[in-house]
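Reading through the structure tokens given below for one structure.
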Amino acid sequence: MKKLFKNVLIMMSIAGMLVTGLFISNDMVLAASGDATVYITETGECYHADGCSSLRKSKIATTLQSAVDKGYRACSKCHPGSLDAASNANTTNTTTVSKSSATTNSTASASEAVEALKNYEGNNSDFNAYSYYVNNVDLQTAIGADGDKLLKHYNEYGKAEGRKAK
């Protein structure tokens, strides 16, 4: 009888922990660093954790910080987490600093670099650096607005992956 009572008590404890874990995971959004990898889709507005059912048609890896900066929000299905306090502080500091003329100049330079991709000398009937950059958010973070690197990536990986380049 004592053994049966002990086994029932153990099973009830395990069941209680599982139920508590389910409620916590649904109600609580985990904090993560801005370097954490999340996934976005070609047409969606949310970022996702690996394995989310929303990633069936497309799956583009990016950093959490980049996804948040581009206006993506956390998926309500997979709860991929949000920026932790340290990352939020860095974002706030960056925003404050961006009001200085030096950062404004570098932002303008970045925009000019992206615009320059429209006239990139390597553009042809199969590849347009500007389109490739705009249509592949993960490359914006990984490569940046560098036409030569984008073209190299397209030739080595993008064609085989079926990425949009026109």
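- For the atom pair Tyr47 OH and Ser82 OG, the distance stands at 5.5 Å (nearest 0.5 Å).
- One side chain, Thr141 or Ser66, offers a donor N or O that lies under 3.5 Å from an acceptor on the other.
- Using a 3.5 Å distance cut-off with no hydrogens or angles, the side chains of Asp148 and Tyr120 do pair a donor with an acceptor.
- The two residues His48 and Ser54 make their nearest non-hydrogen contact at CE1-CB, 3.4 Å.
- The two residues Lys77 and Cys52 have their closest heavy-atom pair at CB-SG, 4.5 Å.
- Dense packing is recorded around CD of Glu161, with more than 12 heavy atoms of other residues, nucleotides or ligands lying under 6.0 Å away.
- Both Val134 and Leu139 are members of a single hydrophobic cluster when ILVMFWY side chains are connected at heavy-atom separations under 4.5 Å.
- Contact annotation: the side chain of His153 approaches that of Arg163 to within less than 4.5 Å [non-hydrogen atoms, C-beta and beyond].
- Applying the side chain to side chain contact (heavy atoms under 4.5 Å, CB included) test to Val137 and every residue at least two apart in sequence or in another chain returns Ile40, Lys70, Tyr72, Gln140.
- Taken to the nearest 0.5 Å, the CG atom of Asn135 stands 9.5 Å off from the OH atom of Tyr130.
- Rounding to the nearest 0.5 angstrom, the gap separating the CG atom in Leu117 from the OG atom in Ser131 is 9.5 Å.
- The backbone N or O of Asp138 sits nowhere less than 3.5 Å from a side-chain atom of Asn136 that would complete a donor-acceptor pair.
- For CD of Glu156, the number of neighbouring non-hydrogen atoms (other residues, nucleotides, ligands) closer than 6.0 Å is greater than 12.
- With values rounded to the nearest 0.5 angstrom, Cys46 atom SG is found 3.5 Å from Arg73 atom CZ.
- Looking at heavy atoms from C-beta onward, Asp50 lies in side-chain contact with Lys59 at the 4.5 angstrom threshold.
- Atom-to-atom distance recorded for Glu45:CD and Thr43:OG1 is 9.0 Å, nearest 0.5 angstrom.
- With hydrogens and angles ignored, the 3.5 Å screen pairs no side-chain donor or acceptor of Thr63 with any backbone N or O of Thr37.
- Once rounded to the nearest 0.5 Å, the distance linking CG of Asn128 with CG of Leu151 reads 11.0 Å.
- Between Tyr132 and Tyr154, the ring planes lie perpendicular to each other; the angle is over 60°, past the 30° to 60° tilted range.
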Dump the intermediate steps for side chain to side chain contact (heavy atoms under 4.5 Å, CB included) on Val114 and Tyr133, then the final yes or no. CA-CA 8 Å; Val114 172; Tyr133 177 84; 3.6 Å; yes
Would you please test Lys159 and Asp126 for salt bridge (charged side-chain N to carboxylate O under 4.0 Å, His left out) and show each step? CA-CA 10 Å; Lys159 278 184 198 176; Asp126 293 327; 5.9 Å; no
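- With a 4.5 Å cut-off on side-chain heavy atoms, Lys57 and Thr41 do not count as touching.
- Residues Thr62 and Ala67 share a closest heavy-atom pair of CG2-CB, 4.1 Å.
- Of all heavy-atom pairs spanning Gly147 and Ala129, the tightest one is CA-CB, 4.4 Å.
- With hydrogens and angles ignored, the 3.5 Å screen pairs a side-chain donor or acceptor of Asn123 with a backbone N or O of Lys118.
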